[in-house]
Trainee: 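Let me give you the structure first, and then I'll get to my questions.
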Number of protein chains: 2
Amino acid sequence: MAMERATRRQRATPRKGDLREQAILRAAEELLEREGVEPMTVEAIATGAGISRGSLYFYFGSKQEVLTALVARTLAALTEDATAFTDDEATPPHEAIEHAISRTEHMWRGHGRVMRTAVDHAAVIPEIGHLWTATVATFTKVMTGVLVRAGIPDGDGPADAAALAHTLCWMTERAFYQAAAQPVPDLPRAAATCTEIWFRVINHRA
Amino acid sequence: MAMERATRRQRATPRKGDLREQAILRAAEELLEREGVEPMTVEAIATGAGISRGSLYFYFGSKQEVLTALVARTLAALTEDATAFTDDEATPPHEAIEHAISRTEHMWRGHGRVMRTAVDHAAVIPEIGHLWTATVATFTKVMTGVLVRAGIPDGDGPADAAALAHTLCWMTERAFYQAAAQPVPDLPRAAATCTEIWFRVINHRA
DNA sequence: GCACAGATTCTACACGGCGCAGATTTTTTT
DNA sequence: AAAAAAATCTGCGCCGTGTAGAATCTGTGC
């Protein structure tokens, strides 16, 4: 099903009008942050980027591809932060957790609408779903290591480090999503509650 | 903006063809479970209910209203379970948690596609968003009481019972959503991991 | 300067799905 | 049986996506 689209630009030739692609993504995010999802029509994006509707299809094969590229760009930045943080294996678990949550909060603060839109479309646009689960998987991997270092069994059972990290990462995602969706977002409070839960999971008594 | 829809049926007169409304909802859920979201077009729903496309608009003002009614019906059943469970204030926290999670798992098992669709559309259809948050709020209220009885401070800070219950309820929702979205869903495992986290939050050492 | 190739853009059209209008038929009421 | 209300149908118009093909702009070799 990966047939080549008819009017799709060849990536092998990085010609001049390449900045148009960036302009389109910029216009899309701008539109998303200010107007919302429904007003973000192809017509509106194209106009925002200074071209006509048909011209946009020279750069992107569909509206979904535009959204996917936008999400990919945002998640790439987030993943980079998380990966850079992976190296700090010497830092104590508590600080590692606080740092990861802080990084996540920062991303939700700066690109909340893109993050929310990604979540909303993850189910209906497979590519976005893959990007999102891959990002969460990266976090899960890192945090699994943190939990193990904190003394939680390193197995594959439902009560072992990997499963706990997996669910706690999705919890953190959801908490920030919820907080960001409020009329008056309170990301710090969400971060504080998440941190408390992560800590309690670590500091438990058998 | 709550103007009355032109071709909308008056609820004050419970005439005969009332079972059509049920047939429509049944057809919608049937279609949702078997085909997915995109194939669930108004045309398909109407055909499944044995009427023509235009006729459907006599019963529901829009496609969104059909979906909203379907979600409302499903969540009403879930909330009823949770409310009936509220009365058991004598049961110990561990059992209360297990029971609540078990009830939730049961609902996701029987109506997973409706639940997932509800989550996916909560952001874009306000009415569904309200229904969902209201349901989670009900659970949060109950579970806050459980956490308080387990010894967690009953304040409104980010580390107090209400905030913890809120985030843990959203975590549970997300865990089941994730599990249900897998090619081979493993709800019991999701339930086990959630239970473990709830327990660890309760059984922590200062 | 000129012809050519590729890149970039535009206008115009077709398709699919939603929602509405008005006519028509069935059902209920009196 | 007549009238009113309920229920259903057919057909139309709108909006947004995606595509086709023509037109323009750009650089390049001669």
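No hydrogens, no waters, no symmetry mates; every other heavy atom, side chains included, goes into these values. Values in this document were obtained by computation on a predicted structure and should not be read as measured data.
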Trainee: Would you check if A:Arg149 and A:Val146 make a side-chain contact, meaning some heavy-atom pair closer than 4.5 Å?
Mentor: yes

Trainee: Taking only side-chain N and O atoms of A:Arg53, does any of them lie within less than 4.0 angstrom of OP1 or OP2 on D:dG16?
Mentor: no

Trainee: Tell me, which of residues 119-130 of chain B have any heavy atom that sits under 4.0 Å from an atom in DNA chain C?
Mentor: none

Trainee: May I have the distance from B:Leu19 (atom CG) to C:dT27 (atom C1'), rounded to whole angstrom?
Mentor: 14 Å

Trainee: Please tell me if B:Ser52 has a side-chain N or O lying less than 4.0 Å from either OP1 or OP2 of D:dC9.
Mentor: yes

Trainee: Heavy atoms from C-beta onward define the side chain here; which of D:dG18, C:dT8, C:dC10 lies closest to that of A:Phe58?
Mentor: C:dT8

Trainee: Could you tell me whether the side chain of A:Ile152 reaches within less than 4.5 Å of the side chain of A:Asp160, counting heavy atoms only?
Mentor: no

Trainee: Is there a side-chain polar atom (N or O) of B:Tyr57 under 4.0 Å from OP1 or OP2 of C:dC20?
Mentor: no

Trainee: Measure the spacing between CZ of B:Arg174 and OG1 of B:Thr167 and express it to the nearest 0.5 Å.
Mentor: 14.5 Å

Trainee: Between A:Tyr177 and A:Trp108, how do the two ring planes meet: parallel, tilted or perpendicular, split at 30° and 60°?
Mentor: perpendicular

Trainee: Check whether any side-chain nitrogen or oxygen of B:Arg20 sits under 4.0 Å from OP1 or OP2 of D:dA6, and answer yes or no.
Mentor: no

Trainee: Which listed nucleotide (D:dG18, C:dC18, C:dC10) is nearest to the side chain of B:Lys63?
Mentor: C:dC18

Trainee: Verify the contact: side-chain N or O of B:Ser55 to OP1 or OP2 of D:dC9, cut-off strictly under 4.0 Å; return yes or no.
Mentor: yes

Trainee: What is the distance, to the nearest angstrom, from the CD1 atom on A:Ile51 to the P atom on D:dA23?
Mentor: 21 Å

Trainee: What is the distance, to the nearest angstrom, from the CD atom on B:Glu21 to the P atom on D:dA7?
Mentor: 10 Å

Trainee: Should the pair B:Glu196-B:Arg200 be classified as a salt bridge under the 4.0 Å nitrogen-to-oxygen rule?
Mentor: yes

Trainee: If I take atom CG in residue A:Leu56 and atom P in nucleotide D:dT19, what distance separates them, rounded to the nearest angstrom?
Mentor: 12 Å

Trainee: Taking C-beta and beyond as the side chain, do A:Ile197 and B:Leu168 meet within less than 4.5 Å on heavy atoms?
Mentor: yes

Trainee: Taking side chain as C-beta onward, heavy atoms only, is A:Glu43 less than 4.5 Å from A:Thr47?
Mentor: yes

Trainee: Can you pull out the residues from residues 36-50 of chain B that lie within a 4.0 Å heavy-atom distance of DNA chain C?
Mentor: B:Thr41, B:Val42

Trainee: Do the non-hydrogen side-chain atoms of B:Arg113 and B:Arg34 ever get within less than 4.5 Å of each other?
Mentor: no

Trainee: When you check the phosphate oxygens OP1 and OP2 of C:dT9, does a side-chain N or O of A:Tyr59 lie under 4.0 Å from one of them?
Mentor: yes

Trainee: With side chains defined as the heavy atoms from C-beta onward, is the minimum distance between B:Thr117 and B:Val71 less than 4.5 Å?
Mentor: no

